[in-house]
Protein chains: 2
Amino acid sequence: MSEGRSGSGFGSESLLFLTDEQLRQGIEAMFFAYRGFTADPDRILAELAYGRAHHRALHFINRAPGTTVNNLLSILGVTKQSLNRVLRALVEDGLVDSRVGTLDKRERNLYLTARGEELEQRLSDAQRIRMRAAYKEAGPEAVQGFKRVLEAMMDSDMRRAYAELRESAQ
Amino acid sequence: MSEGRSGSGFGSESLLFLTDEQLRQGIEAMFFAYRGFTADPDRILAELAYGRAHHRALHFINRAPGTTVNNLLSILGVTKQSLNRVLRALVEDGLVDSRVGTLDKRERNLYLTARGEELEQRLSDAQRIRMRAAYKEAGPEAVQGFKRVLEAMMDSDMRRAYAELRESAQ
DNA sequence: AGTTTATGTCAGCAATGTTGACATTCCAAG
DNA sequence: CTTGGAATGTCAACATTGCTGACATAAACT
């Protein structure tokens, strides 16, 4: 098909660095690891009748307090209608505070309430514990490689968003 | 909360290797990268009115032809009812062949048809192209680290499934 | 033979993605 | 200043894909 070159007697023993089999292993590793990556927060969220979408919203509002709906959905990569449902629940439940913009009244500036911060902490902690263990097991140089490959795998606009977050962080 | 130790004046400048900020960057990298990772197949699938679930089924049936529904759902980590819906569509559309087991007639052995293989190739190629580019950009040692961290991030049973797939592959 | 266990299918519900229609606010052209 | 269009966010309805529950069939155990 589109670009087929599937291990047809050349890739596997050539001097080229990447066989299709190696790439497939990477694909599967990504799939299995992402499940592990979300498993711990998912368990907490299930108890509270929330989902991954709520976690993502909490995470990025915490990361950039005062952010607007528009900005948030460009980072999350979902439609505003989809995000709206999640935000509405979080606001109703008193985890997020949505304030009408001062400069532009069409905008809503989003903040976590104390309870919102509390849940965000709980979720992030769960995820960090696993991440910390994985980093420790793999070692520092592995972590550098890990991040480098992930960054190269992003779409270019997400790479920009990611870089901005890193700068703003500290 | 459960294990809170969030950059409270100690983690960030201690001799410890992992600050909360570093961990958070890893978390966000994982989130953005996974979106890139699935973006290309998603576009193809959308044209065909299929979803990620169909892609995953095709991938692992291709990987282990003759596998059973039971085995497949343990790898995919979904319920059999959820998988069944997807498989039914693939069988009806002539991409997957479901044969009653010879030894145990309760089981169904799953195979890709020619058309199924064709679509699987198309999807995998799209994903491999991006993966290949990311690997190339990041370099060989980075890839080693990438895989090591991902593997450490999996749940233990998934790590086993992953290892088995690698062995069976070759 | 009869109960229990395993495998897979069918039906209906929940979470979360989508598009479409709309209200409010801002801004720019006249 | 007003008016028309663009931007922002909300509400409604639908599709995909998780889920649980109920069931049919085959195997296994007693």
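Each chain gets a letter, A, B and so on, in the order the sequences are listed, and its residues count up from 1.
The interatomic distance linking Asp42(B) (CG) with dT16(D) (P) rounds to 14 Å, in whole Å. Put simply, CG on Leu83(A) is 11 Å from P on dT18(C), counting in whole angstrom units. Following rounding to the nearest Å, Leu48(B) (CG) and dA15(D) (P) show an atom-to-atom distance of 18 Å. The distance from atom CD of Glu92(A) to atom C1' of dC11(D) is 13 Å, rounded to the nearest whole Å. Asn109(A) places its CG atom 13 Å from the P atom of dT8(D), with the value rounded to the nearest Å. Leu73(B) has its CG atom 10 Å from the P atom of dC19(D), to the nearest Å. If you measure from atom CG of Leu90(A) to atom C1' of dT10(D), you get 16 Å, rounded to the nearest angstrom. The distance between atom CG of Asn70(B) and atom P of dT9(C), rounded to the nearest whole Å, is 11 Å.
The one candidate from Leu83(A), Asn109(A), Asn84(A) that meets the side-chain contact (heavy atoms from CB on, under 4.5 Å) condition with Val69(A) is Leu83(A).
The phosphate of dA15(C) has neither OP1 nor OP2 within less than 4.0 Å of any side-chain N or O from His54(A). The side chain of Asn84(B) contributes an N or O atom lying less than 4.0 Å from OP1 or OP2 of dT9(C).
At least one cation-pi condition fails for Arg56(A) and Phe31(B): the charged atom is not both under 6.0 angstrom from the six-membered ring centre and inside a 45 degree cone around its axis.
At a cut-off of 3.5 angstrom, the base of dG17(C) holds no donor-acceptor pair with the side chain of Arg52(A).
For Arg108(A), whose side chain is taken as the heavy atoms from C-beta onward, the closest listed nucleotide among dT10(D), dT8(D), dG17(C) is dT10(D).
Between Arg56(B) and Ser98(A), the residue anchored nearer the 5' end of DNA chain D, judged by the nucleotide with its closest heavy atom, is Ser98(A). Two residues, Leu87(B) and Gly51(A), neighbour DNA chain C, and the one matched to the more 5' nucleotide by heavy-atom proximity is Leu87(B).
For an aromatic pair to be called close, the ring centres must be under 6.0 Å apart, and Phe32(B) with Phe37(B) fails this.
Between Arg115(B) and Glu120(B), no side-chain nitrogen of the basic residue sits less than 4.0 Å from a carboxylate oxygen of the acidic one, so the salt-bridge criterion is not met. Salt bridge status for Glu137(A) with Arg159(B): present, with a side-chain N to carboxylate O gap under 4.0 Å.
Among the atoms of the strands shown, base atoms are found under 4.0 Å from some heavy atom of Arg85(B).
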Q: Do nucleotides 20-30 of chain D as a string where each nucleotide becomes B, S or -: B if the base has a protein heavy atom under 4.0 Å, S if just the sugar-phosphate does, - if no protein is that close.
A: BB----BS---
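The aromatic rings of His55(A) and His59(A) sit perpendicular to each other, their planes meeting at more than 60°, with 30° as the lower class boundary.
The distance from atom CD1 of Ile61(B) to atom CG of Leu110(B), rounded to the nearest 0.5 Å, is 4.5 Å.
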